[in-house]
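One structure is given here, and the rest of the page talks about it.
So that the names make sense, note that chain A is the first sequence line, chain B the second, and so on, each numbered from 1.
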There are 2 protein chains.
Amino acid sequence: MNKKAYQSQAELFQVLSHPVRLQILDALRSQDCCVCHLQALTKRPQAYVSQQLRVLRDFGLVSDEKDGQNVYYRLCNDMVGELLGMVLTSNGPKAVMIDCTCPRCNEVG
Amino acid sequence: MNKKAYQSQAELFQVLSHPVRLQILDALRSQDCCVCHLQALTKRPQAYVSQQLRVLRDFGLVSDEKDGQNVYYRLCNDMVGELLGMVLTSNGPKAVMIDCTCPRCNEVG
DNA sequence: TAAGTATATGCAAAGAAAGATATATATTTT
DNA sequence: AAAATATATATCTTTCTTTGCATATACTTA
């Protein structure tokens, strides 16, 4: 393996080496989420969450889709999904109460 | 999953987010190596290699064993081995000529 | 069209990591 | 015991990352 390859793989790990980005990716493993949802989940300011989403987006790990006022993010890299599954020993989707105001979180089921 | 968990997994990725450390770990996947071997492989100064080995050692990814003048390092974390196998698409051990002076690299076969 | 809500961007301060260099220690050889 | 070899550590400077904050944009509703 050559230098360039190690470099680019190191860059992937660099993107993953951040607790909030990991938390976001883990959330996106089970469902796509809007920013305000991730904001409620991580308990961080909106601008902060958007900044981390930008890092993930720029690196091609997530894609975004606008729906009205909201922007929904989804995981768009299978390898990273698997990788997270291997490392994050999350025991399935946990029923965390999240105070998110977006339509999806508040639709009548 | 809680904050602490994401934090500690981020720390693992942090350790992996370094091209030379990745190269070292990749080398150790196929065989244990002494420092001078890794020095020849990475073409970095000895002190630099030792510094990276310390990071890996402190994080529990490699262990070391002294044999005479030489110190041999080995991968000692199965999960990380697997993880690397997944990410580093190295096509098996490549026959790179390495100018290492240690006994193992120079024993008569 | 004004006000409210959701999201994105730009920038600066603080903190962390990278890499270079000097030097220390331990082992072997002469 | 001195010289040579292999490895480790300490320290410093530079560069990168993180995070907070101010502000900009875009959509929606009144």
### Query
OP1 or OP2 of D:dA10 sitting under 4.0 Å from any side-chain N/O of B:R54?
yes
### Summary
Correct closest heavy-atom pair for A:Y73 and A:V62 would be CD2-CG2, 3.7 Å
### Query
Is B:L12 close to B:V80 at the side-chain level, that is, under 4.5 Å between some pair of heavy atoms?
yes
### Task
Taking all non-hydrogen atoms of both residues into account, name the closest pair between B:C105 and B:H37 and its distance.
SG-ND1, 2.9 Å
### Message
Just the rounded figure in Å: distance from P of C:dA20 to CD of B:Q39.
### Response
13 Å
### Query
Starting at CG of A:D58 and ending at C1' of D:dC16, how long is that distance when rounded to a whole Å?
16 Å
#### Entry: Pairwise salt bridge (Lys or Arg N to Asp or Glu O under 4.0 Å) hits with a residue in residues 68-84 of chain B, at least two apart
B:D32-B:R74, B:E65-B:R74
### Query
What is the distance from CD of A:E11 to P of C:dA18, rounded to the nearest Å?
13 Å
#### Entry: Phosphate OP1/OP2 of C:dT27: any B:N70 side-chain N/O under 4.0 Å
no
### Message
Can you list everything that forms a salt bridge (Lys or Arg N to Asp or Glu O under 4.0 Å) with A:R54? Sequence neighbours excluded, please.
### Response
none
### Summary
Here the distance between atom P of C:dT7 and atom CZ of A:R57, to the nearest Å, is 12 Å
### Query
So, for A:A40 and A:C100, which heavy atoms are closest and what is the spacing to 0.1 Å?
CB-N, 4.3 Å
#### Entry: Separation of C:dT27 C1' from B:D64 CG (nearest whole Å)
16 Å
### Results of side-chain hydrogen bond (donor to acceptor under 3.5 Å, both in side chains) for A:Q39 - residues two or more places apart only
none
### Query
For D:dA6, does OP1 or OP2 lie under 4.0 Å from any side-chain N or O of B:T101?
yes
### Query
Does a side-chain N or O from B:Y73 land closer than 4.0 Å to OP1 or OP2 of D:dA8, or not?
yes
#### Entry: A:M79 side chain reached by B:V87 side chain, heavy atoms, under 4.5 Å
yes
### Task
Drop me the distance from B:H18's NE2 to A:Q9's CD, to the nearest 0.5 angstrom.
14.5 Å
### Message
Could you tell me if the side chain of A:V55 sits less than 4.5 Å from the side chain of A:V15, heavy atoms only?
### Response
yes
#### Entry: For B:R44 against A:K3, the heavy-atom pair lying closest together
NH2-CE, 4.3 Å
### Task
Only one of A:D64, A:L53, A:N70 passes side-chain contact (heavy atoms from CB on, under 4.5 Å) with A:V35; say which it is.
A:L53
### Query
Under a 4.0 Å heavy-atom cut-off, which of residues 12-23 of chain B touch DNA chain D?
none
### Query
What is the distance, rounded to the nearest whole Å, between atom CG of B:L53 and atom P of D:dT9?
11 Å
### Task
Would you indicate what A:C102 reaches in the nucleic acid, counting non-hydrogen atoms under 4.0 angstrom: base, sugar-phosphate, or nothing?
nothing
### Message
I need the CD1-P distance between B:I24 and D:dA8, as an integer number of Å.
### Response
11 Å
### Task
Report, as a single string ordered 5' to 3', how protein heavy atoms within less than 4.0 Å touch nucleotides 25-30 of chain D: B base, S sugar-phosphate only, - not at all.
-SBS--
#### Entry: Contact residues, residues 42-52 of chain A to DNA chain C [heavy atom, < 4.0 Å]
A:Q46, A:A47, A:S50, A:Q51
